[in-house]
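This report concerns only the one structure given below.
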Protein chains: 2
Amino acid sequence: MSVSLLDMTKVYIGQEKILVAVDCIVFGFDSKEIKLLLFKRKREPHTGEWSLIGSFIKSDKSLEESAEEVLHESTGLKDVFFEELKTFSAVDRDSGGRVISVAYFSLIRLDELNLDSVENYNARWFSLDEIPDLILDHDQMVQCAIEKLKIKIRRKPVGFNLLPEKFTLPQIQILYESIYQREIDSRNFRKKLLSFDILTRTEEKDKSTSKKGAYLYKFNKDKFDEFVAKGYNFEL
Amino acid sequence: MSVSLLDMTKVYIGQEKILVAVDCIVFGFDSKEIKLLLFKRKREPHTGEWSLIGSFIKSDKSLEESAEEVLHESTGLKDVFFEELKTFSAVDRDSGGRVISVAYFSLIRLDELNLDSVENYNARWFSLDEIPDLILDHDQMVQCAIEKLKIKIRRKPVGFNLLPEKFTLPQIQILYESIYQREIDSRNFRKKLLSFDILTRTEEKDKSTSKKGAYLYKFNKDKFDEFVAKGYNFEL
DNA sequence: GCAAAAGTGTTTTCACTACACCCATGA
DNA sequence: TCATGGGTGTAGTGAAAACACTTTTGC
């Protein structure tokens, strides 16, 4: 350890150091449509304008750790789904100085959200067609994330991170419809999803949207791993 | 401009700056198999060991510009295909100090390669099953890039960046076979590829691998754009 | 008993797979 | 003339798309 501290000051001396930040694009689903979580910026420049949540990274944290921390502080949630989206490094992207930002893309369960944390941060959920102007290049980050969401949810089971632990088939169909922005035939959708055999049906029904009630299902990670091990492809 | 210089020193003061680098994973295709370009490292630590080519980024260049520069210097090529792969930011990933690296993934035409540049850099092409131990986390970067190449070449027409401007159908089939590591039925492969109608057949034949000779084709960008505009999906 | 959402099957269509022979040419 | 790689067509199979009615139950 002391060797690496020594090297640090010797080996790469003379190279320029740069500010590095993470910014998080956070999506949620309110059982009707997909939404984006935005924050009123607290620091200069652009204080009070809408922006993504982010933070500078410190030299003792990896980018992933920093993103995790940002997500935890702003939503109160731990173990949320997130992954790297893209770096944004145009020299003049931030009027406050030269900052390279790594954008992270995150999917959270709205029902688990800690409302206190969110309010602390002056946050609000926006429909994708009502997103306000954002600071710096955050609009680009958001567009990029929306693209990625559409592609990713088709081939990876990431959508379950947007649903409550127990969800109904109509609910997941609405999620996909809201992301793809088109209607889906429910017979074909259910048939395909159930054919994967990666869900467990519970005995409970959700009667909040119909008199008949819809069965609640859980995503079954073990079955999904088996599904993958057999060489099958998830695609919805 | 002077405002931003002023802000730079004021607004984000007190935040830690970090060394940022780019590293490039460069693939080529020698008409037989896909290969990886590696370099003998010139600087401490790990001088003389095999590594990816990279460089620290300066505060007046974006990451993309830096990657482009690195690729130009090491191969002599301009306008090569490259895109961001992933950031690598573990705190102790570099024994020479805290460095965040952004890995770029690049595909080049071996026939256009400037051999002087390559020799200057002590470079060598390696088959994917003969890759030597690499410094730091460069092995991880390479594994990640190989994964990405397999996925990407299936659904995007990036493979043409690995072929000469004019190529034969047997050639492109071998390219795909070498990446997928399995044989492909040539009747089905050709049928599908030609059905996209994104290639232009020239009148020339390549007789270097057979007496009959194989027609040379060119990738037709305009036709490809049309293909995409019609909503069709490239998948090989 | 009726409105409203949940749940279910069949037919058609199309894309992928498997598979075998002829062609052109240089040596 | 023959060895070598280039080039082509067809039948069978399976997944996706299109499509309409029955079930449940709170009001």
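Quick note on labels: first sequence line is chain A, next is B, and so on, each numbered from 1.
In this structure, Tyr215(B) atom OH and dC23(C) atom C1' are separated by 11 Å, rounded to whole Å. Here the P atom of nucleotide dC19(C) and the CD1 atom of Ile184(B) are 16 Å apart, to the nearest Å. If you measure from atom CD1 of Ile174(B) to atom C1' of dG6(D), you get 12 Å, rounded to the nearest angstrom. Rounded to an integer number of Å, the gap from CD1 of Ile172(B) to P of dG6(D) is 14 Å. What separates CG of Asp206(B) from C1' of dT25(C) is a distance of 14 Å, to the nearest Å. For the pair Lys211(B) NZ and dC2(D) C1', the computed distance is 8 Å after rounding to whole Å. Protein atom NZ of Lys192(B) is 15 Å distant from nucleotide atom C1' of dA18(C), rounded to whole Å. Computed from coordinates, the Glu183(B) CD to dA18(C) P distance equals 12 Å when rounded to whole Å.
Residue Asn188(B) has its side chain nearest to dG9(D) when only dG9(D), dC19(D), dA6(C) are considered. Of the candidates dT25(D), dA6(C), dG6(D), the closest approach to any side-chain atom of Lys212(A) belongs to dA6(C). Comparing dT25(D), dG26(C), dG7(C) by their nearest atom to the side chain of Pro170(A) picks out dG7(C). Closest approach to the Asp185(A) side chain among dT25(C), dG6(D), dC19(D) is made by dC19(D) (side chain taken as heavy atoms from C-beta onward). Side-chain atoms of Arg187(B) lie closest to dG9(D) of the nucleotides dA18(D), dG9(D), dC19(D). Side-chain proximity of Thr209(A) to dA5(C), dG26(C), dG7(D): nearest is dA5(C).
Among the heavy atoms of the strands lying under 4.0 Å from Lys191(A) is at least one base atom, whether or not backbone atoms are also near. Lys205(B) comes within contact range of no nucleotide atom at all, as no heavy-atom separation falls under 4.0 Å.
Taking the centre of each ring, Tyr217(B) and Phe167(B) stay at or above the 6.0 Å mark.
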Chi angles and distances behind the side chain to side chain contact (heavy atoms under 4.5 Å, CB included) call for Lys35(A), Asp30(A):
CA-CA 8 Å; Lys35(A) 299 208 160 171; Asp30(A) 65 1; 3.4 Å; yes
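Of the side-chain N and O atoms in Lys207(B), one or more sit less than 4.0 angstrom from OP1 or OP2 of dG26(C).
For Glu64(A) against Phe82(A), the heavy-atom pair with the smallest separation is O-CZ, 3.7 Å.
Sequence order on DNA chain C of the closest nucleotides to Ser186(B) and Leu169(A) puts Leu169(A) first from the 5' end.
Contacts classified as side-chain hydrogen bond (donor to acceptor under 3.5 Å, both in side chains) and involving residues 225-236 of chain B (residues at least two apart or in different chains) are given here: Arg155(B)-Glu235(B), Lys221(B)-Asp225(B).
In this structure, Arg187(B) forms no cation-pi arrangement with Phe189(B), as its terminal cationic atom is not both closer than 6.0 Å to the ring centre and no more than 45° off the ring axis.
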